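Computed from a predicted structure; not experimentally measured. The chains referred to below are lettered A, B, ... by the order of the sequence lines, with proteins before strands, and numbering in each begins at 1.
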Amino acid sequence: MPELPEVETTRRGLIPWMRGATIADLVVREPRLRWPIPADLAVRLRGRVVTDLTRRGKYLIVSLDKGALIVHLGMSGSLRVVGPEVPPGPSEPFDLVLAGASPMAVRMRDPRRFGALLFSEDPLHHPLIAPLGPEPLEAGFDGAYLRARGRGRTIAIRDLLLNGHIVAGIGNIYANEALFEAGIHPGRAAGRISADRYEVLAQAVIAVLSRAVEAGGTTLKDFAGSDGRPGYFQLQLRVYGREGRPCPRCATPIARLSGGGRSGYYCLKCQR
DNA sequence: AAGTTGACCTGAGGGC
DNA sequence: TGCCCTCAGGTCAACT
């Protein structure tokens, strides 16, 4: 599920609830996520104050008066605000309980358990965060940067975009959508794309991600924002998941790139 | 070094 | 209806 726009949607929804709040407790029902939730985490968190909620790529960083939580939603994760009376369902590994006049909890749902909840004294230097590439919606990301990273390489351009150490936050949906918008074939070797086309691609990445953030992310199956409402960007998808349907530009049926990992969708006429 | 594949999990959907 | 197979929004580790 969650790529940059979905994580950003979650972050924006949680800010009013979390910023300035005191953590009353962490209730762990299932510690076996991508990495185990540290056993002593609840003890460390009780009484801590949330000073800020930020995002780096697909990671949420909950800054505390001492240290920070690092949250990743994996493939199937979401965070929702619930009242204390709402009983937890299956696949809901933890609640972060916040104190206040009307106490509430931030509840994680993660059926596939590819998500993570970790603690760090210095999150920006954490081994998962430090190697991330630039944020695509901030300065430092442009065509020249992408071209420099792709220079001389035979890797498919889609896989370059999916590598968080090259650029942070892009997943399979938005990589495919941006490549369509830029008219570039997802399998094209990264080293065989002109400077001009790299500039078009970088702008397409920025445009697609910005529109998706505005729409509240993409809900294909089960993504929900912190208020439980879905995103709406799936209505604007032009190629992802649309094999056989007409290309919005030329009406040629959308093709699917199979073989080797995750699938790619593209128009074989518009994208070279 | 760069590229490719497997691994980690659950649940949904299609075919028979 | 039910079983089995395939696939899914991520990404690290271990191979070639």
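- We find that CG of A:Leu117 is positioned 20 Å from P of C:dG10, with the value rounded to whole Å.
- A:Arg34 comes within contact range of at least one nucleobase, with a heavy-atom separation under 4.0 Å.
- Distance CG (A:Asn163) to P (B:dG3): 10 Å, rounded to an integer number of Å.
- With a 6.0 Å radius and a threshold of 12 heavy atoms from other residues, nucleotides or ligands, A:Arg229 has its CZ atom at or below the threshold.
- Of the possible donor and acceptor atoms, none in the side chain of A:Glu181 sits under 3.5 Å from a partner among the backbone N and O of A:Glu177.
- Taking the side chain of A:His165 as heavy atoms from C-beta on, and the options C:dA8, C:dC12, B:dT10, the nearest nucleotide is C:dC12.
- Between C:dG10 and A:His72, no contact under 4.0 Å exists linking OP1 or OP2 to a side-chain N or O.
- Taking the side chain of A:Ser263 as heavy atoms from C-beta on, and the options B:dG11, C:dT11, C:dA8, the nearest nucleotide is C:dA8.
- Sequence order on DNA chain B of the closest nucleotides to A:Asp159 and A:Pro111 puts A:Asp159 first from the 5' end.
- Atom CH2 in A:Trp35 sits roughly 14 Å away from atom P in C:dG10 (whole-Å rounding).
- Considering only side-chain atoms of A:Ile155, the nucleotide from C:dC12, B:dG3, C:dG10 that sits closest is B:dG3.
- Between A:Thr154 and B:dA2 there is no side-chain N or O to OP1 or OP2 distance below 4.0 Å.
- A:Tyr59 comes within 4.0 angstrom of the backbone, heavy atoms only, and of no base.
- Going from the P atom of C:dC7 to that of B:dT5 covers 15 Å, rounded to whole Å.
- The distance between atom CD1 of A:Ile166 and atom C1' of B:dA2, rounded to the nearest whole Å, is 11 Å.
- Checking side-chain atoms of A:Glu199 against main-chain N and O of A:Gly143 turns up a donor-acceptor pair under 3.5 Å.
- Put simply, CG on A:Leu160 is 12 Å from C1' on B:dG3, counting in whole angstrom units.
- Residue A:Tyr174 is out of contact with every strand shown, counting any heavy-atom pair closer than 4.0 Å.
- Rounding to whole angstrom units, CZ of residue A:Arg149 and P of B:dG3 are separated by 12 Å.
- A close approach under 4.0 Å does not occur between any side-chain nitrogen or oxygen of A:Lys221 and OP1 or OP2 of B:dG11.
- In this entry the distance linking CZ of A:Phe114 with P of C:dC7 reads 16 Å, nearest Å.
- Within 4.0 Å (heavy atoms only), A:Leu220 reaches at least one base atom of the nucleic acid.
- Counting non-hydrogen atoms of neighbouring residues, nucleotides and ligands closer than 6.0 angstrom, the CZ atom of A:Arg29 exceeds 12 such neighbours.
- Taking atom P on both nucleotides, B:dC9 is separated from C:dA14 by 16 Å, rounded to a whole Å.
- Stem analysis of DNA chain B (at least three stacked-register Watson-Crick or G-U pairs, each with both distances under 3.5 Å) gives B:2-8 with C:10-16, B:10-16 with C:2-8.
- The CD atom of A:Gln271 sits 12.0 Å away from atom CD1 of A:Ile157, with the distance rounded to the nearest 0.5 Å.
- Rounded to a whole Å, the CG atom of A:Asp110 is 12 Å from the P atom of B:dC9.
- Residue contacts shown for A:Arg256 are limited to sugar-phosphate atoms, with no base heavy atom under 4.0 Å away.
- With salt bridges taken as basic N to acidic carboxylate O contacts below 4.0 Å, none links A:Glu214 and A:Arg211.
- Salt-bridge check for A:Glu6 with A:Lys221: failed, with every basic side-chain N at 4.0 Å or more from each acidic carboxylate O.
- With B:dC8, B:dT10, C:dT11 as the candidates, the nucleotide lying closest to the side chain of A:Arg112 is B:dT10.
- In this structure, the side chain of A:Arg238 does not engage the main chain of A:Pro248 through any donor-acceptor pair within 3.5 Å.
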